[in-house]
Amino acid sequence: FQQNIFKDWRNGVKHTIPVSATFTAFKYINITPSFNYTERWYTHKIERSWDEERMRERQDTTYGFNRVYNYNLAISANTKLYGFYKPNPKVFGDKLQMVRHVFTPAISFSYAPDFSDEKWGYWETYTKTDEEGNVSLVSYSPYAGSLYGVPSKGKTGAINFDISNNIEAKIKNRDDSIKKISIIDELGASLSYNMAAKRQPWSNLSTRLRLKWGKTTFNMNAV
């Protein structure tokens, strides 16, 4: 405790503000918007440059109040569609009473700006010339190694699609009681589109299948 708390201690203050809500549109569509804000306070930052005489990196520590913040927003929507099929007793007999199909589509969108842009000041560059005369541009953050880190590079803007299916049936037992059985517990697929990607914006198509027959559960995933 005899040291300077600002210069000798690794310190920082972090605030997080998550905001979200859920409401229904057109009676059937569930919509959930969200916004997440994170702010960090640091008492110093380290500027880096290239010392051409000594051929090594130079570091200069500057003390003061520094705000480092980032945010992201997202919105998702989903609903459920129900379909019922009553089998013809002449074809299936009177044991199979009803088949129900539940279809659940969902779509979501998320966005975050590129916090490595120069206007934010969270990432900087310097020119390095090695002993062989090769010139390169080195990227760094003055807040790297700080207590709560620094916003990552790159803009994100993704649209995610997902569908899920569930099929169940009602069967009449010998004592005329009704029993519900699972035919397909889940059959689903998901796909995403990255609007910030310059090449190959579409992700792989991921599919999943889960069957629950009696006490046995079967899972399968494919891409």
Side-chain angles (χ1 to χ4, degrees), residues 10-22 30-52 56-78 105-130 134-164 188-208 221-223:
R10 186 167 176 258
N11 58 78
V13 177
K14 179 181 179 181
H15 313 277
T16 56
I17 304 175
V19 180
S20 64
T22 301
N30 301 313
I31 298 178
T32 304
S34 63
F35 177 80
N36 296 284
Y37 179 85
T38 302
E39 180 166 321
R40 310 158 186 83
W41 292 352
Y42 295 135
T43 58
H44 71 277
K45 62 180 180 179
I46 300 176
E47 300 286 351
R48 303 175 188 269
S49 60
W50 184 253
D51 190 336
E52 295 185 356
R56 67 180 185 182
E57 185 182 70
R58 182 172 58 215
Q59 300 183 4
D60 297 313
T61 303
T62 303
Y63 295 94
F65 178 72
N66 300 279
R67 290 177 60 234
V68 180
Y69 65 90
N70 66 290
Y71 60 87
N72 64 78
L73 54 91
I75 184 169
S76 62
N78 67 81
I107 184 172
S108 64
F109 169 75
S110 59
Y111 171 79
D114 185 3
F115 290 100
S116 65
D117 193 286
E118 293 181 357
K119 67 180 181 180
W120 302 102
Y122 305 153
W123 290 87
E124 298 180 5
T125 57
Y126 67 84
T127 303
K128 173 184 175 181
T129 305
D130 60 19
N134 298 317
V135 180
S136 60
L137 196 64
V138 179
S139 176
Y140 76 97
S141 173
Y143 307 101
S146 297
L147 191 61
Y148 297 112
V150 64
S152 59
K153 292 182 177 182
K155 179 176 69 173
T156 59
I159 302 176
N160 302 295
F161 306 91
D162 187 89
I163 58 172
S164 179
S190 60
L191 185 69
S192 64
Y193 180 81
N194 186 358
M195 297 184 297
K198 295 182 179 180
R199 57 187 300 270
Q200 295 182 345
W202 287 100
S203 72
N204 291 331
L205 175 64
S206 299
T207 59
R208 57 192 183 274
N221 297 280
V223 177

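All heavy atoms count here, side chains included; hydrogens, waters and symmetry mates do not.
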Report task. Compare all side-chain heavy atoms of L137 with those of T127 and state whether any distance is below 4.5 angstrom. Result -> yes
Query raised in the report: Listed by chain and number, what are the side chain to side chain contact (heavy atoms under 4.5 Å, CB included) partners of A144, not counting sequence neighbours?
Result: S141
Requested in this report: Any chance you could measure S49, atom OG, to D60, atom CG, to the nearest 0.5 Å?
Outcome: 5.5 Å
**Report entry** Heavy-atom closest pair, residues G149 and Y42
**Finding:** O-OH, 2.8 Å
Report task. Would you please name every residue forming a side chain to side chain donor-acceptor pair (under 3.5 Å) with N11, sequence neighbours left out? Result -> T43
Requested in this report: Any chance you could lay out the side-chain contact (heavy atoms from CB on, under 4.5 Å) test for M195 and F109, step after step, and finish with the verdict?
Outcome: CA-CA 10 Å; M195 297 184 297; F109 169 75; 3.0 Å; yes
Report task. Check A106 against N78 and note the closest heavy-atom contact, atom names and distance. Result -> CB-CB, 3.8 Å
Query - Pairing residues for E124 by the salt bridge (charged side-chain N to carboxylate O under 4.0 Å, His left out) criterion, not counting sequence neighbours - result: none
**Report entry** Listed partners of S152 passing side chain to side chain contact (heavy atoms under 4.5 Å, CB included), at least two apart
**Finding:** none
Requested in this report: Applying ring-ring contact (aromatic ring centres under 6.0 Å, His included), name anything that partners Y126, two or more places apart in sequence or on another chain.
Outcome: Y140
Query raised in the report: Distance from Y193 atom OH to N160 atom CG, nearest 0.5 Å?
Result: 13.0 Å
**Report entry** Side chains of V68 and P151 in contact at under 4.5 Å (non-hydrogen atoms)
**Finding:** yes
**Report entry** Residues which pass ring-ring contact (aromatic ring centres under 6.0 Å, His included) with Y37, listed by chain and number, not counting sequence neighbours
**Finding:** Y69
Report task. Could you name each residue pair satisfying salt bridge (charged side-chain N to carboxylate O under 4.0 Å, His left out) that touches residues 43-52, not counting sequence neighbours? Result -> K45-E47, R48-E57, D51-R58
Report task. Specify the closest pair of heavy atoms between L205 and S190, including all atoms of both residues, with the distance to one decimal. Result -> CD1-O, 3.5 Å
Query raised in the report: Is the backbone of V138 close enough, under 3.5 Å, to the side chain of W50 for a donor and an acceptor to pair up by distance?
Result: no
Report summary line: Here the gap from N72 atom CG to N36 atom CG, rounded to the nearest 0.5 Å, amounts to 5.0 Å
Query - W41/R67 under side-chain contact (heavy atoms from CB on, under 4.5 Å): CA gap, chis, key distance, verdict - result: CA-CA 5 Å; W41 292 352; R67 290 177 60 234; 4.0 Å; yes
Report task. Evaluate the side-chain contact (heavy atoms from CB on, under 4.5 Å) criterion for residues I75 and L73: first the C-alpha distance (whole Å), next the side-chain angles of each, then the deciding distance (0.1 Å), finally the verdict. Result -> CA-CA 7 Å; I75 184 169; L73 54 91; over 6 Å; no
Query raised in the report: Roughly how far, to the nearest 0.5 Å, is OG1 of T22 from CD1 of I31?
Result: 10.0 Å
Query - Nearest atoms (heavy-atom pairs only) where K153 meets S116 - result: CG-CB, 3.5 Å
**Report entry** For R56, salt bridge (charged side-chain N to carboxylate O under 4.0 Å, His left out) partners two or more places apart
**Finding:** none
Report task. Would you mind listing every salt bridge (charged side-chain N to carboxylate O under 4.0 Å, His left out) that reaches into residues 199-208, with sequence neighbours excluded? Result -> D162-R208, E186-R208
Report task. Walk me through it: do K155 and Y111 pass the test side-chain contact (heavy atoms from CB on, under 4.5 Å)? Result -> CA-CA 8 Å; K155 179 176 69 173; Y111 171 79; 4.0 Å; yes
Query raised in the report: Taking only residues two or more places apart in sequence, or in another chain, which ones meet F161 in a side chain to side chain contact (heavy atoms under 4.5 Å, CB included)?
Result: I107, I159, W202
Query raised in the report: Is it true that the side chains of S192 and S203 contain a donor and an acceptor less than 3.5 Å apart?
Result: yes
Query raised in the report: Taking only residues two or more places apart in sequence or in another chain, which ones pass side chain to side chain contact (heavy atoms under 4.5 Å, CB included) with T16?
Result: K14, T38
Query - Distance, nearest 0.5 Å, that separates CH2 of W123 from CG of D117 - result: 13.5 Å
Query raised in the report: Quick one: side chain to side chain donor-acceptor pair (under 3.5 Å) partners of Y143, sequence neighbours excluded?
Result: N66
Report summary line: Heavy-atom nearest pair, G12 first then L147, reads N-CD2, 3.8 Å
